[in-house]
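What follows is a set of notes on a single structure, which appears directly below.
Given the structure is predicted, the values throughout are model-derived calculations rather than measurements. By convention here, the first residue in the shown sequence is residue 1.
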Amino acid sequence: MHPRRSAQWYAGDDRNSYIHRAWMRRGLPADAFDGRPHIAIANTASDLTPCNAHLDEVARSVADGIHRAGGIPLNLPVVSIGETQVRPTAMLWRNMAAMAIEEMLRANPIDGVVLLGGCDKTIPALLMGAASVDLPAVVMPGGPMLTGTFRGVPLGCGTDVWKLSEEVRAGTLSAAEFQRSESSMIRSRGHCNTMGTASTMGLLAEVLGMTLPGVAGTPAPDSRLLEAAHATGVLAVELVDADRRPSAVMTRGSFLNAIVALAALGGSTNAVVHLLAIAGRLGVPLSQDDFDTTGSGVPLLVDLLPAGRFLMDDLYRAGGLHAVLAEVRDLLDPAAITVTGRPLADHLGDARVYDREVIRPRAEPLRPHAGIAVLYGNLAPDGAVVKPAAASPHLLRHRGPAVVFDSVEDLHARLDDPDLDVTADSVLVLRGCGPKGYPGMPEVSNMPLPAKLLEQGVRDMVRVCDGRMSGTAYGTVVLHVAPEAAAGGPLARVRTGDMIVLDVANRRLDADVPAQEWAAREPSPEAAKAYAAPVRGWERLYVDTVGQADTGADCDFLRGSSGDRVSRESH
């Protein structure tokens, strides 16, 4: 057996070893320090992260499993980011949470870690931090909530917020009825029940090989989640004994498998920035273009909101993630392993589909080509992304005049002005919403439609933005435009009335402006006035160091890893 890392703190009879042991002897027996593995439970439970509020209960089951396998479980609360709660956007703190997690894992006397997350940014942050310290690690996802109903029909968390709020603005739903739906939307513990970012990243954590096989997608209230948590605790001890680390599990093949799964599941566009950031911590060569070349030809098999009809507990009863992966088994890298040490493909042997409405056969997909499309052009020299599965097919090739908004505040002030010169053919352009400009790249790209168009029955338009959109959102939205306006990107030069040309089939996004005029234009001074200009704290550090969407929007000083070594003593 290889030497325990925790022995660097606890082994020996000098003063420092005494201090480390003595302060931990609050109920732990002497043999807790005899070489048994010490496993941290990195716990993002928080009342202000409602989707993760149940993780303390999950942590107790993980701890029981660690005990059973002969390890020492240690609860380690880490930074938690409530997607629906924090302002200006949870994405502003993903990198900070990842940095804090990395530092605490490295600084403490632990041999391995179980990563507990659920809400959108928590699993990406946990994986980024764990990848950078590279201790044996396994993810325990918190799972989706159960389906609520309103007026006799299922509600998709997030997706139906956008739909119902637009109905209020269109005058087809009263404000009182809208508020009444509030208590029906969130039926139970757990994260969003649509194929939003939380569901997507929980599932992709398993495809990356970082969970107990079969656990991802288990509904949060399901007792089988606690059973899996117990087994994950046992597995964490096995990982330490085998010295199996994230760098051995999350290889390029694992990331390409995740891109295949992203397309088949109809997953969130936010997975692009998260997977790129995780790969950047590991030094795995992964580019934005890989999402197109590997995923664009993959069929959409899962009929879930926002791209379909059903919800996450339907996917679970229909056979779950493994049933989906079995349909595209031939597209997966057969050598990519999981935390079990066995290839992902080996765990799909007995996977079955129990509801062909929810999980379509490969030969009868929801859409034949469903992956993320990466666009380039004079509006996006470094790329932009669009999710065809969530878009209106007739708008995937479109030409229309730009209606430009210089900030979110400008959008809110003018969007519903009856005198706004806008038609269904217009292209709504919102800038100043990238990593530097907002700051934090918020989920605002799926702009509401102008009220007067909603009243006319319009329900989708082409929208272009340098920000992100919620994974629960839908529509023909071009997002992650890079470079962003605040970083000198050409989006800052667009003017209202410019003809915008979207051609998804040919992967183009352009402003039809003569090249000489385009090159001579100055960036919008009104947009520049709204860009973030922090003077202190994390926000200042973030704006000064954050990269663009096409590389994962990580901070330049956080890319790569530093390992688990700490050379100096604390006393």
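- Between E455 and K452 there is no salt bridge, since no side-chain nitrogen of the basic residue lies less than 4.0 Å from a carboxylate oxygen of the acidic one.
- Under 4.0 Å is where a charged nitrogen must lie from a carboxylate oxygen, and between R468 and E443 at least one such pair does.
- Of the possible polar contacts, none joining the S80 side chain to the A45 backbone as a donor-acceptor pair under 3.5 Å is found.
- The closest side-chain donor-acceptor pair between N43 and D56 falls under 3.5 angstrom.
- The pair R224-E227 does not count as a salt bridge, with every side-chain nitrogen at least 4.0 angstrom from each carboxylate oxygen.
- Considering all non-hydrogen atoms of both residues, P154 and T147 come closest at CB-CG2, 3.6 Å.
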Walk me through whether H191 and E83 qualify under side chain to side chain donor-acceptor pair (under 3.5 Å).
CA-CA 10 Å; H191 59 65; E83 186 69 29; over 6 Å; no
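- The pair E167-R459 counts as a salt bridge, with a side-chain nitrogen and a carboxylate oxygen less than 4.0 angstrom apart.
- Checking side-chain atoms of E166 against main-chain N and O of L449 turns up a donor-acceptor pair under 3.5 Å.
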Could you go step by step and tell me if S188 and M145 meet the side chain to side chain contact (heavy atoms under 4.5 Å, CB included) rule?
CA-CA 5 Å; S188 74; M145 66 182 72; 3.5 Å; yes
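- Closest non-hydrogen pair, I66 versus P73, comes out as CG2-N, 3.6 Å.
- The pair D64-R60 does not count as a salt bridge, with every side-chain nitrogen at least 4.0 angstrom from each carboxylate oxygen.
- K163 forms a cation-pi arrangement with Y474, by the criterion of a distance under 6.0 Å to the ring centre and an angle within 45° of the ring axis.
- Among all heavy-atom pairs drawn from L366 and G308, the shortest one is CD2-CA, 4.4 Å.
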